[in-house]
4 protein chains.
Amino acid sequence: MSTKQAGAERRRTFTETARRAQIVDAAAQVMATEGYSGTSIARIASHLGISKGVITYHFRTKDEILRELVLRFFDEGWQHMEPAVDAATGARGKILAWVGSQLEFFSRHRTRFLATGEIMANHRGADGQLAFAEELDEEVTALSGIIVRGQQDGELREFDPRTIATLIVKTSSAVLETWAADPQTDLQAQSAALLDFIDHAIAKEKP
Amino acid sequence: MSTKQAGAERRRTFTETARRAQIVDAAAQVMATEGYSGTSIARIASHLGISKGVITYHFRTKDEILRELVLRFFDEGWQHMEPAVDAATGARGKILAWVGSQLEFFSRHRTRFLATGEIMANHRGADGQLAFAEELDEEVTALSGIIVRGQQDGELREFDPRTIATLIVKTSSAVLETWAADPQTDLQAQSAALLDFIDHAIAKEKP
Amino acid sequence: MSTKQAGAERRRTFTETARRAQIVDAAAQVMATEGYSGTSIARIASHLGISKGVITYHFRTKDEILRELVLRFFDEGWQHMEPAVDAATGARGKILAWVGSQLEFFSRHRTRFLATGEIMANHRGADGQLAFAEELDEEVTALSGIIVRGQQDGELREFDPRTIATLIVKTSSAVLETWAADPQTDLQAQSAALLDFIDHAIAKEKP
Amino acid sequence: MSTKQAGAERRRTFTETARRAQIVDAAAQVMATEGYSGTSIARIASHLGISKGVITYHFRTKDEILRELVLRFFDEGWQHMEPAVDAATGARGKILAWVGSQLEFFSRHRTRFLATGEIMANHRGADGQLAFAEELDEEVTALSGIIVRGQQDGELREFDPRTIATLIVKTSSAVLETWAADPQTDLQAQSAALLDFIDHAIAKEKP
DNA sequence: GATGAATGAGCCTTCATTCAT
DNA sequence: TATGAATGAAGGCTCATTCAT
């Protein structure tokens, strides 16, 4: 979960802040419905009923829009998850709190979850590499830390922490993607199943 | 797993067949390294050292190339999985055979696996919908059938068949994606962990 | 050398005058370093650390800024040259005073000299013609007048006055451009060589 | 005078060669009449009555067009000048042959001379530096070589070779620019005056 | 006076596709 | 079969200018 900010930010007026939020929101909506390559600046502008120029006035590049969308979403998500993870006790508890609170937060922001997924899977920097690979990695690393401590305390079985951390993150995403693709899905049930699986997979004692 | 063919096919000469295969292969390689939006016809042509015209001569549209790439990969995959699934006995056995043989096949075709993933996540038809959503659904449906029979035979616990079928498919993909992103990953170990999880999740008796 | 003013000018406050000068100066600096097409209003504004709006508030169009920059520079230049030319006696003396004082003045304002050069070489009016061709012509005409009188007085050889006047103006610019491009150049030496050349070229008697 | 080529060049068909020449010619014409910043790909295309796409099909970037225009012009020019310079004897002879043949060649290609001037004065690379500064420098260096030998042979006065070489190149350009701006100008007369000047400026003995 | 906001035209470039040879 | 040639739409982005506050 990243807390980095996109460099020096000049002071912003109220209108500017509102416009930027509005544009980022529109970008998320277009991204969620039309997909990454269907999300052009022109499309975002017409979605808002404004001219393309407004967008390039408030954001210097398209990359800046996507970056803001993704990082803000991650920040908000982490701010929601952190208290839950802190409040939980034990490694198993913290991990279940992590996944559970993440599922809860993301599920309350379906559009932005979809948009973020599109961006992370497709957006590339000038070097041709995926632009947000690092962000995913940070989450895996953080989760690994919890796992390592759980193993030292004898609460968790022995296994490679990063492998399992990765698996947890990916399966969590998989559940959300399924639900996001078809909101009819009983997310509650799937979440429960997922948490049960994870707990079985990592606990030393049978849960 | 789809067995559909890409529409009316005129008879093809040997050369034609070879050229098409060559183009589809090049498309897969570009797709795997450059991603969906980095895969233009021009890029595929220059990868092969031929002119763009050759490609549009053999394939009427870009969509036709991607369709052939995805469907052929699924067909080949199913041809590899089918004997394994048929040979296995019981629902649990068949499901483990399904996932296991799929992991095995896909892992032997990393490039095409990556390409297919890019296409399925991004390629959209004229209607703006993901073009291959249906194909994924077919696999879930087929798996669901096995699960239903397993529940009728008392071999599997009671749960919504589609929910779990979806989870199985997605987690399997997740494991492969992790490995494909970083081939250093010990796929053998991750596969074993995945199979173990699935078996625990679905079996009536403790395995 | 032009003495025209940039059209109707309303009375200006002290602040207004200062702001305009500040903006024109910034424009000259950007022009000198970034070239004509690198000089946008946005770039000038950011060079001053102010908003674009300030500039378009004080100048109705970009053309007005460039016009003021060029004409003011020419006016200042002429105000510096005029006493020297007036004080000199004879055609040869006046011409050498003209070129010498011009070299001296321009060399003390390298940035504005460069900027003016960029603008005169590139800036075009709505009709597509170079906007300041006329200004150069005025200088040639004025110099021609001195030459004609020198020929009538028997001080200068016979030749087409405009041809030589043009050559004088251009070679003078050439020397300055060379120096401006690389301020290491020994301008003093080059100036001396230039003046010597001109005197030889026009004098009836060997100098 | 540059003889460098713009990197690896694939084989070209007759049509391709013709189209490229046609486009470069059109670019020169637009450049000569509309100036550097008035020369857009769209304008070149409409000048030829073709679509913009034709141009970007034959040239990958606009820079490639301008590079070809400038370098080909320089190459042709040098091919015209070289025999004249080689045939001349002595430093004075070679320098006069240089300038004279250059004036002659450029004056026979007014449009391209103007276009090349616009490009060299304005075209910048990604680094923000003038893209063809080097080419000008090469000419000065070559001329300097002749001057140095002339000084060693006692044919030329003592002075800094590069300074005078630069002056020669610039004054030659100045004469051509004056004529190009107004083709009524008697180029013959101006050329003679220029050659006379140069000879006086550099010869040890009075010419 | 000053500024933030918005606009629309234009820029270079990439692209899938069509067509004549 | 293969290819070179051409097209027109769309991409992200910069720009001078206008306007309300």
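Proteins get letters first, then strands, A, B, ... in listed order; numbering begins at 1 in each.
With rounding to whole Å, B:H123 atom NE2 is found 11 Å from E:dA16 atom P. Spacing between atom OH of B:Y36 and atom C1' of E:dC15 amounts to 12 Å, rounded to whole angstrom units. The distance between atom CD of D:E34 and atom P of E:dG10, rounded to the nearest whole Å, is 14 Å. At whole-Å resolution of the value, CZ in A:F14 and C1' in E:dA5 are 15 Å apart. The CG atom of A:L66 sits 12 Å away from the C1' atom of F:dG12 (whole-angstrom rounding). The distance between atom CD1 of B:I55 and atom C1' of E:dC15, rounded to the nearest whole Å, is 13 Å. Rounded to an integer number of Å, the gap from CD1 of B:I23 to C1' of F:dA2 is 11 Å. One can place NZ of C:K62 at 19 Å from P of E:dA9, the figure rounded to the nearest angstrom.
Test C:V70, C:T111, C:L71 against C:T116 for side-chain contact (heavy atoms from CB on, under 4.5 Å) and you get one pass: C:V70.
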Passes side-chain contact (heavy atoms from CB on, under 4.5 Å), B:M31 versus B:I119? Steps please.
CA-CA 8 Å; B:M31 196 67 83; B:I119 296 167; 3.5 Å; yes
Criterion side-chain contact (heavy atoms from CB on, under 4.5 Å) on D:D63 and D:H123, from CA distance to verdict
CA-CA 8 Å; D:D63 173 86; D:H123 192 53; 2.8 Å; yes
Between A:L114 and A:E118, does the side-chain contact (heavy atoms from CB on, under 4.5 Å) criterion hold? Intermediate values first, please.
CA-CA 6 Å; A:L114 281 169; A:E118 288 285 330; 5.6 Å; no
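Comparing D:T17 and A:R60 by the nucleotide of DNA chain F whose heavy atom lies nearest to each, the residue mapping closer to the 5' end is D:T17. Each of C:T15 and D:G38 was assigned the nucleotide of DNA chain E with the nearest heavy atom; the assignment lying further toward the 5' end belongs to C:T15.
OP1 or OP2 of F:dA5 has at least one side-chain nitrogen or oxygen of D:T13 nearer than 4.0 Å. Neither OP1 nor OP2 of F:dA2 sits under 4.0 Å from any side-chain N or O of B:Y57. Contact annotation: B:H58 does not reach the phosphate of F:dT1 (side-chain N/O to OP1 or OP2, under 4.0 Å). A sub-4.0 Å separation between OP1 or OP2 of F:dA6 and a side-chain N or O of D:R19 is present.
Contacts of residues 40-54 of chain B with DNA chain E (heavy atom under 4.0 Å): B:S40, B:I41, B:K52.
With contacts defined as side-chain heavy-atom distances shorter than 4.5 Å, the pair D:L136/D:M120 qualifies.
Minimum atom distance to the side chain of B:T56 is reached by E:dT17, of the listed E:dT17, E:dA6, E:dG4.
No donor-acceptor distance shorter than 3.5 angstrom exists from the side chain of D:E16 to the backbone of D:R12, with no hydrogens or angles considered. Between the D:R20 side chain and the D:F59 main chain, no donor and acceptor come within less than 3.5 Å of each other. Side chain of D:R112 to backbone of D:L69: no donor-acceptor contact under 3.5 angstrom is found.
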Return one dot-bracket line describing DNA chain F 5' to 3' (Watson-Crick or G-U wobble pairs, both distances under 3.5 Å; ( ) same strand, [ ] crossing, | another strand, . none).
.||||||||||||||||||||
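Put simply, CG on C:L48 and CG on C:D25 are 9.0 Å apart, with the number rounded to the nearest 0.5 Å. To the nearest 0.5 Å, the span separating NE2 on A:H47 from OG1 on A:T39 amounts to 10.5 Å.
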